[in-house]
Structures are given as C-alpha cells and as structure tokens.
Amino acid sequence: MKFFVDTAEIDAIAELNDLGMVDGVTTNPSLIKKSGRDIIEVTKEICDLVDGPVSAEVTATDAETMIAEGRKLVEIAENIAVKVPLTWDGLKACKALSDDGHMVNVTLCFSANQALLAAKAGATFISPFIGRLDDINLDGMDLIADIRDIYDNYGFETQILAASIRSVNHVLESARIGADVMTAPPAVIKSMINHPLTDKGLDAFLKDIAAADIKIL
Ligand code: G3P
C-alpha cells in the first residue's frame, strides 16, 4: 500500500519523508488555505521534496478552465497529479489531461458508479472520501470494497486512493480491502505506531537494562 500525506505543511511532509513513509502528497484548497501559502509556491516546494505524485487541485468548475489550470499546474513539476472534482466537467478535464499523458486524481468520490465513470475517463487515481461518508452515518469502507470489486472485475488500472481518512482503523480497513493508496493527515500516520503493549514492554526492558547494567557501547 502506498502512503500519501494529506497536507500542505512542508515540515510535516519532510519529517515523514525522511522516514520513507511518503510515496506521494495530496493537497486540496482547504489544505492550501490552512498553509497560508501561495498554491504554486507551496506545491513546487512539495514537489522538490517528494519523488512521488503530488496532487494539486484545480479551482475552476468548467472543463475548459480546469484544463487550462491543469496545464499550468503540470508545469510546476513532472510529479504533479492534477486533481479535479467528480463532475461531468471534471471528467471532461480528466479525459483531456490524461490523454495528454498527465496524472489525474478525481476527487470528491462518494459512490461506486462515480468511480466507474472516473476510471472510464482515464483517471490515474480515484479518491473516495471515507470519513465524510461516515459523518453522515454511511460506511465509507463499503465504498472502498465496492470500487475494488468493480475495478478488479474489469481490469481498470485507476488506483484507489482512500481519502478523508480520519483514524488508524480507516488505514487498516483500507489496506485489508486492497486500496492501492491511502492518504492521511500526518497525525494519523504518526499514531499508527501506538500500542500500549509496546510501551509497557519497553518499560520492562529498560528496567532490566538498568538493573543488570547491560551495556553495548
Ligand atoms: O483527502 C481528502 C481529505 O483532505 C478530506 O479529508 O477530513 O476533510 O474529510 P476531510
């Protein structure tokens, strides 16, 4: 499973990247707003830091402008994936940009039928939003499983990018189902390491190290 970091915070990306935890980055207008940075400037900085795909989202809602914005975004770096919303105009932009050989991430996916349309429009990534489905008492994981089945049934190469991940269980379930990629905020990725028995076990070892004065160096 590939790990993308869902943030536009450079320091957080760099910290995880140094640990080999970053296969790519996803941003969206809300994350750019949160960073307080210029979209082109911060996206370039992220692309310089990370080798894998960096999703940068268009701001327009009509296909023609989305395509123009996408063409500008891909000039930032070779690893840009243009992010477009799951609308007919978004799919039109997806088709045009992917036909040009660019990576496209189709975002705001909330149904398997939408994911099917995105795959047919040549999307590199489809981003089903798990957490936002859970927010309205639906099961985001059912959507990931349905898309996995459908893509496998027909051999679609569009990668399932589990997004709107809010908890470590979302990561675990997405991995179980076979999502190709998950994108999560840095805090969620960092909390994947937590286990009380690891802490307890290490405490006991440290006590014995001190009691027996065990030294290696
Ligand atoms: O990857 C999409 C993500 O940024 C949305 O997450 O938590 O705002 O639903 P959230």
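In each ligand, atom 1 is the first atom listed, and ligand 1 is the first ligand listed. All values reported here derive from a predicted model rather than from experimental measurement.
- An N or O contact shorter than 3.5 Å links Asp6 to ligand 1 by distance.
- Atoms of ligand 1 lying under 4.0 Å from at least one heavy atom of Thr183, given by number and element, are 1 (O).
- Side chain of Asp23 to backbone of Phe4: no donor-acceptor contact under 3.5 angstrom is found.
- For the pair Ser164 and ligand 1, the shortest N or O to N or O distance falls below 3.5 Å.
- Of all atoms in ligand 1, listed by their number and element, those nearer than 4.0 Å to a heavy atom of Phe129 are 2 (C), 5 (C).
- Of all atoms in ligand 1, listed by their number and element, those nearer than 4.0 Å to a heavy atom of Asn28 are 3 (C), 4 (O).
- Within the 4.0 Å heavy-atom criterion, neither part of Thr107 lies near ligand 1.
- Set against the non-hydrogen atoms of Arg132, the atoms of ligand 1 under 4.0 Å away are 5 (C), 8 (O), 9 (O), 10 (P).
- Atoms of ligand 1 lying under 4.0 Å from at least one heavy atom of Arg166, given by number and element, are 7 (O), 9 (O), 10 (P).
- Within a 6.0 Å sphere centred on CG of Asp11, heavy atoms belonging to other residues, nucleotides or ligands number 12 at most.
- Checking side-chain atoms of Tyr151 against main-chain N and O of Asp146 turns up no donor-acceptor pair under 3.5 Å.
- Counting heavy atoms from C-beta on, the side chains of Leu49 and Ile13 come closer than 4.5 Å.
- For the pair Asn79 (side chain) and Gly52 (backbone), a donor-acceptor distance under 3.5 Å is present.
- Without hydrogens or angle criteria, Gln159 side chain to Val181 main chain gives no donor-acceptor distance under 3.5 Å.
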